[in-house]
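Atoms considered below: every heavy atom in the structure, side chains included; atoms not considered: hydrogens, waters and symmetry mates. Here, residue 1 is the first one in the sequence, and each next residue gets the next number.
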Amino acid sequence: MKNFIFVVIILVLFSCSEDISNEQIKTQTENIINDFVGVYHFGESEMESNLIINGTNGNYYAQLKSGSFNDDATDFIWNYENLKNVRIEENKFYSDKTNGKFVRLENGSIGLKIEKPWDSYPLEEDGSEIGYFSYDVSKYYAGNYTAASIRILT
């Protein structure tokens with residue numbers, strides 16, 4: 001009987017520690033999402049673009065990656081534009097180029113609804129465009145020294 005009680009106590013403690021661990025993971029994930037840092041994908045095909053939002057120490061930075069075909073349509077050329085005066089207040093996104101707000105999409109993921117799309121291809125009736133969170137910025141930057149692209153180095 002003592003062995004049975006011992007096993008039950010161990011199982012209860014193990015399951016509690018697993019719940020705490022899962023809760024910690026959930027909280028960390030929510031904090032990442034609440035920061036709104038990530039890559040947001042807008043449009044499709046030649047009208048597609050990515051808005052890369054990065055942040056550190058309460059400052060946010062954003063870069064727009066869009067592209068078009070060259071004159072003879074043999075190459076797709078990417079264009080990069082750094083947005084100025086980027087800030088995020090609560091769920092609102094602000095920059096000199098456009099403003100918007102972070103929204104929860106029907107599938108439960110996060111999106112960014114831009115008031116003035118940069119590609120003149122609005123998908124919404126009100127003239128706005130919604131981009132979806134496609135992945136974390138750490139996956140966007142490739143190479144040997146990606147840390148230099150996603151955080152301030154000491």
Side-chain angles (χ1 to χ4, degrees), residues 14-15 17-154:
F14 179 77
S15 68
S17 67
E18 187 173 298
D19 289 343
I20 292 170
S21 176
N22 289 339
E23 186 61 33
Q24 288 171 342
I25 291 169
K26 180 180 175 188
T27 301
Q28 289 171 354
T29 303
E30 287 172 353
N31 287 341
I32 291 169
I33 290 172
N34 288 337
D35 287 341
F36 304 116
V37 169
V39 178
Y40 295 84
H41 184 79
F42 294 84
E44 297 301 326
S45 191
E46 61 272 355
M47 297 302 284
E48 74 182 56
S49 59
N50 286 318
L51 180 64
I52 301 95
I53 300 175
N54 203 349
T56 185
N57 297 336
N59 296 312
Y60 289 94
Y61 310 92
Q63 184 177 63
L64 177 61
K65 177 185 175 184
S66 59
S68 59
F69 284 101
N70 63 357
D71 291 339
D72 58 359
T74 57
D75 252 342
F76 196 77
I77 301 166
W78 289 108
N79 302 309
Y80 298 87
E81 180 182 356
N82 293 326
L83 304 186
K84 295 181 177 29
N85 298 315
V86 174
R87 70 184 197 282
I88 296 174
E89 297 173 1
E90 296 179 7
N91 72 328
K92 305 280 195 236
F93 173 85
Y94 300 97
S95 74
D96 284 354
K97 187 169 188 77
T98 190
N99 298 325
K101 67 179 177 178
F102 295 94
V103 296
R104 183 72 58 189
L105 303 176
E106 288 179 9
N107 65 5
S109 64
I110 195 165
L112 178 56
K113 184 175 183 178
I114 295 293
E115 294 172 3
K116 294 186 309 184
W118 39 80
D119 58 14
S120 69
Y121 184 64
L123 300 176
E124 303 298 306
E125 289 180 15
D126 63 359
S128 65
E129 184 176 1
I130 298 177
Y132 63 89
F133 180 92
S134 57
Y135 48 92
D136 188 77
V137 291
S138 63
K139 294 179 182 171
Y140 175 76
Y141 297 106
N144 294 329
Y145 306 103
T146 57
S149 298
I150 59 174
R151 64 182 170 90
I152 295 176
L153 302 177
T154 55

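- The minimum heavy-atom distance between Arg104 and Ile110, with the atom names listed, is NH1-N, 4.2 Å.
- Residue-environment remark: NZ (Lys101) stays at or below the threshold of 12 foreign heavy atoms within 6.0 Å.
- A side-chain donor-acceptor contact under 3.5 Å links Ser134 to the backbone of Val39.
- Residues that satisfy the side-chain hydrogen bond (donor to acceptor under 3.5 Å, both in side chains) test with Asn79, not counting sequence neighbours, are absent from this structure.
- In this structure, the side-chain hydrogen bond (donor to acceptor under 3.5 Å, both in side chains) partners of Ser109, at least two apart in sequence or on a different chain, are Asn107.
- Looking at every heavy atom in both residues, Leu83 comes nearest to Leu51 through CD1-CD1, 3.7 Å.
- In this structure, Pro117 and Gly127 approach most closely via the heavy-atom pair CD-O, 3.2 Å.
- In this structure, the side chain of Asp136 engages the main chain of Ser138 through a donor-acceptor pair within 3.5 Å.
- Not counting sequence neighbours, Asp71 has no partner by the salt bridge (Lys or Arg N to Asp or Glu O under 4.0 Å) test.
- Between Glu129 and Gly43, the shortest heavy-atom contact is OE2-N, 3.2 Å.
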Working for side-chain contact (heavy atoms from CB on, under 4.5 Å), residues Asp126 and Lys113: CA-CA 11 Å; Asp126 63 359; Lys113 184 175 183 178; 3.3 Å; yes
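- In this structure, OH in Tyr80 is found 4.0 Å from NZ in Lys65, a value given to the nearest 0.5 Å.
- With sequence neighbours left out, Glu106 forms a salt bridge (Lys or Arg N to Asp or Glu O under 4.0 Å) with no residue at all.
- Applying the salt bridge (Lys or Arg N to Asp or Glu O under 4.0 Å) criterion to Glu115, with sequence neighbours excluded, gives no partner residue.
- When atom types are taken as modelled, the side chain of Thr98 and the backbone of Lys116 share a donor-acceptor pair closer than 3.5 angstrom.
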Taking it one step at a time, do Tyr94 and Lys92 satisfy side-chain contact (heavy atoms from CB on, under 4.5 Å)? CA-CA 7 Å; Tyr94 300 97; Lys92 305 280 195 236; 3.5 Å; yes
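- Considering only heavy atoms from C-beta on, Phe69 stays 4.5 Å or farther from Ile77 through its side chain.
- Donor-acceptor pairing under 3.5 Å is lacking for the side chains of Asp75 and Asn70.
- Here Asn85 contributes atom CG and Arg87 contributes atom CZ; the two are 8.0 Å apart, rounded to the nearest 0.5 Å.
- Applying the ring pair (Phe, Tyr, Trp, His ring centres under 6.0 Å) rule to Tyr132 yields the partners His41; only residues at least two apart in sequence or on another chain are considered.
- The shortest heavy-atom contact between Val86 and Phe93 is CG1-CE1, 3.9 Å.
- For the pair Ile53 and Leu112, the tightest heavy-atom approach, listed with the atom from each and the gap, is CD1-CD2, 4.1 Å.
- Side-chain atoms of Asn99 and Ser95 include no donor-acceptor pair closer than 3.5 Å.
- Less than 6.0 angstrom separates the ring centroid of Phe102 from the ring centroid of Tyr40.
- Aromatic rings from Trp78 and Phe76 are positioned such that their centres are separated by under 6.0 Å.
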